[in-house]
Amino acid sequence: MTPDGALLTAQDLRKAYGPTPALDGADFSIHPGEVVAVMGPSGSGKSTLLHCLAGIVRPDSGSVRFDGRELSQMGDAERSALRRGEFGFVFQFGQLVPELTCVENVALPLRLTGVKRKDAEGRALEWLERLEVAEVGGKRPGQVSGGQGQRVAVARSLVTSPRVLFADEPTGALDSLNGERVMELFTQAARETRAAVVLVTHEARVAAYSDREVVVRDGKARDMAGAV
Ligand SMILES: Nc1ncnc2c1ncn2[C@@H]1O[C@H](COP(=O)(O)OP(=O)(O)OP(=O)(O)O)[C@@H](O)[C@H]1O
Ligand SMILES: [Mg+2]
């Protein structure tokens, strides 16, 4: 960790896909156990920031440090080991593997780190129970509702007890009642495991689950703490 205790930090991130930059000198930091909402208009660079922080996209310049390690200095194998072992992900449309059952989907991140099937599926089932969807464990994603599928996706993001959870519009496809319950269960689990949560959202009611808000505008990120 850095001297101020931050777990994940970014400095002066720049990333351009064309003539206009998606990120134009963005800074960010998050502490263990902290839930930070990343807000801002469509196209402002929120997802690009999340992808750079998670080591999915390489920024053109700038630094991302996780637990004192600079991501740009890691090789591809080391970065994907970091993503598998230390990070968890939830996206807007769950992105479950359609051929696998829900239990198998949740167990997958554990299987990828070498956990035996029986143990992995046992832990997966515990997380499905926590997310109140144990009854869909044996079904495939195509056979469950949107809200159930998203709970399965949340369970999958938590099953490895990641140190950072990246969530990009995790409830964007849900109605408000389902969205609220998923956010409650998600942030509660994250707080218990002391995971840091980078939560990208358009919605104020989702951001209300965070400890702090960061607004991305024109590729720059601004902490709202001093601005309100
Ligand atoms: N893979 C890509 N190829 C080309 N341009 C991209 C790519 N990803 C993002 N962009 C562009 O970069 C800018 C920032 O996009 P980004 O997806 O980060 O925005 P966002 O804030 O997440 O928007 P939204 O709220 O709509 O999801 C946009 O102008 C977008 O068109
Ligand atoms: Mg986005």
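Throughout, numbering of the chain's residues begins at 1 and tracks the sequence. Whatever order the structure lists them in is the order used to number ligands and atoms, beginning at 1.
- Annotation: atom 18 (O) of ligand 1 to nearest protein heavy atom, T48 OG1, 2.5 Å.
- Scanning the protein heavy atoms around atom 11 (C) of ligand 1, the nearest turns out to be Y17 CD1, 3.9 Å.
- A donor-acceptor pair under 3.5 Å is absent between the side-chain atoms of E34 and the main chain of A196, judged by distance alone.
- Judged purely by atom type and a 3.5 angstrom limit, R140 has no side-chain atom pairing as donor or acceptor with the backbone of P98.
- Between the Q11 side chain and the V64 main chain, no donor and acceptor come within less than 3.5 Å of each other.
- Some N or O of G43 is nearer than 3.5 Å to an N or O of ligand 1, by distance alone.
- Every heavy atom of G18 sits 4.0 Å or more from the atoms of ligand 1.
- The CG atom of L96 lies 12.0 Å from the CZ atom of F91; values are rounded to the nearest 0.5 Å.
- For the pairing with F166, the ring pair (Phe, Tyr, Trp, His ring centres under 6.0 Å) check across F66, F87, F186 returns one residue only, F87.
- Transitive grouping of hydrophobic side chains (ILVMFWY, heavy atoms separated by less than 4.5 Å) brings L165 and L110 into a common cluster.
- A continuous path of hydrophobic side-chain contacts links L13 to V216 [ILVMFWY only; heavy atoms under 4.5 Å].
- Using 4.0 Å as the threshold, S44 has a heavy atom nearer than that to some atom of ligand 1.
- Distance check for S47 against the Mg ion (ligand 2): an N/O/S atom falls below 2.8 Å.
- Protein non-hydrogen atoms do reach within 4.0 Å of atom 2 (C) of ligand 1.
- Ligand-side atoms of ligand 1 in range of A22: 12 (O), 13 (C), 14 (C), range being under 4.0 angstrom from any heavy atom.
- For atom 31 (O) of ligand 1, the protein comes within 4.0 Å by no heavy atom at all.
- Among protein heavy atoms, atom 25 (O) of ligand 1 sits closest to K46 NZ, 2.7 Å.
- Listed for the R65 side chain is no donor-acceptor partner under 3.5 Å among the backbone atoms of A6.
- Protein heavy atom closest to atom 17 (O) of ligand 1, with residue, atom name and distance, is S47 CB, 3.7 Å.
- Judged by distance alone, the side chain of K46 and the main-chain N or O of V215 form no donor-acceptor pair under 3.5 Å.
- At the top of the distance list for atom 26 (O) of ligand 1, counting protein heavy atoms only, stands S42 OG, 2.5 Å.
- Against a heavy-atom cut-off of under 4.0 Å, P41 is close to the following atoms of ligand 1: 21 (O).
- Any N or O atom pair closer than 3.5 Å counts here, and H202 shares at least one such pair with ligand 1.
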